[in-house]
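Numbering of ligands and ligand atoms starts at 1, following listing order.
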Amino acid sequence: MAEQTFIMIKPDGVQRGLVGEIISRFEKKGFYLKGLKFLNVERAFAEKHYADLSAKPFFGGLVEYIVSGPVVAMIWEGKNVVLTGRKIIGATNPAQSEPGTIRGDFAVEIGRNVIHGSDSVDSANKEIALWFPEGPANWQSSQHKWIYE
Ligand code: RTP
């Protein structure tokens with residue numbers, strides 16, 4: 001039950017006023033907010049976050065995009081939150097994202113796809129350690145037993 005994922009609302013999601021809508025979708029699903037930061041990231045930090053993609057032709061543009069304005073960095077917790085979070089977000093390329101997903105509802109282009117979500121438990125743990133070295137907040141919702149058996 002303690003699975004956690006790292007979710008980031010990218011600069012376009014912030015500038016377009018989608019922060020509340022996105023947080024609301026994760027809350028209403030039944031996941032718990034365990035970390036929340038609104039920050040501008042340095043270029044070196046963005047390069048570290050996306051280090052696995054450093055050989056891709058779009059890497060430079062991706063880093064420019066992530067440093068172009070503040071982002072919302074979050075830890076979300078709950079059963080299967082990594083995989084389910086990816087489903088809530090939708091396919092990487094919004095042209096393929098289903099309606100009802102965040103990218104399906106709010107994005108058009110792959111290079112402006114509003115949100116990031118960890119793609120595995122392993123990368124979630126690495127990304128949480130990078131963005132939240134101090135660790136998650138410690139709280140338990142009183143609604144817990146109404147969502148989780
Ligand atoms: P994310 O990490 O942001 O959740 O995205 P993802 O796993 O679904 O996709 P990934 O392949 O890891 O790509 C990371 C981000 O790079 C941008 N991208 N641009 N212009 C392009 O062809 C292209 N391809 C990928 C997207 O912003 C993507 O989310």
Any idea which atoms of ligand 1 are less than 4.0 Å away from a heavy-atom of [X]?
{"X": "Arg103", "answer": "1 (P), 3 (O), 4 (O), 5 (O), 8 (O), 29 (O)"}
{"X": "Leu53", "answer": "12 (O), 13 (O), 14 (C)"}
{"X": "Tyr50", "answer": "3 (O), 14 (C)"}
{"X": "Arg86", "answer": "4 (O), 6 (P), 7 (O), 8 (O)"}
{"X": "Gly117", "answer": "4 (O)"}

Exercise. What are the two closest heavy atoms between Ala107 and Asn113, and how far apart are they?
Worked result: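 Nearest heavy atoms, Ala107 then Asn113: CB-CA, 4.0 Å.
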
Exercise. Listed by chain and number, what are the salt bridge (Lys or Arg N to Asp or Glu O under 4.0 Å) partners of Arg16, not counting sequence neighbours?
Worked result: none

Say whether [X] and ligand 1 are in contact under the criterion: heavy-atom distance to a ligand atom below 4.0 Å.
{"X": "Leu62", "result": "yes"}
{"X": "Lys10", "result": "yes"}
{"X": "His49", "result": "no"}
{"X": "Met8", "result": "no"}

Please write down residue, atom name and distance for the protein heavy atom closest to [atom].
{"atom": "atom 19 (N) of ligand 1", "result": "Phe58 CD1, 3.6 Å"}
{"atom": "atom 28 (C) of ligand 1", "result": "Asn113 ND2, 3.6 Å"}
{"atom": "atom 2 (O) of ligand 1", "result": "His116 ND1, 2.7 Å"}

For this session: Please list, chain by chain and in numerical order, all residues satisfying ring pair (Phe, Tyr, Trp, His ring centres under 6.0 Å) with Phe45, sequence neighbours excluded.
Result: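 Ring pair (Phe, Tyr, Trp, His ring centres under 6.0 Å) list for Phe45, sorted by chain: Trp131.
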
Does this structure show an ion pair linking [X] with [Y], if we count only N-O contacts that are shorter than 4.0 Å?
{"X": "Lys37", "Y": "Glu134", "answer": "yes"}
{"X": "Glu64", "Y": "Arg43", "answer": "yes"}
{"X": "Asp105", "Y": "Arg25", "answer": "yes"}

For this session: Could you check whether the rings of Phe26 and Phe31 sit parallel, tilted or perpendicular, using 30° and 60° as the cut-offs?
Result: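 Ring orientation of Phe26 relative to Phe31: tilted.
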
For this session: Would you please classify the geometry between the Tyr32 ring and the Tyr148 ring as parallel, tilted or perpendicular, with 30° and 60° separating the classes?
Result: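 Ring orientation of Tyr148 relative to Tyr32: tilted.
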
Exercise. Is Thr92 close to ligand 1, meaning an N/O of one under 3.5 Å from an N/O of the other?
Worked result: yes

Exercise. Can you tell which part of Ile110 has a heavy atom less than 4.0 Å from ligand 1: side chain, backbone, both or neither?
Worked result: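 It is both parts that get close, each with some atom under 4.0 Å.
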
Exercise. After noting the C-alpha distance and the side-chain angles of Lys34 and Gln4, does the key distance pass the side-chain contact (heavy atoms from CB on, under 4.5 Å) rule?
Worked result: CA-CA 9 Å; Lys34 291 287 175 123; Gln4 294 179 334; 4.2 Å; yes

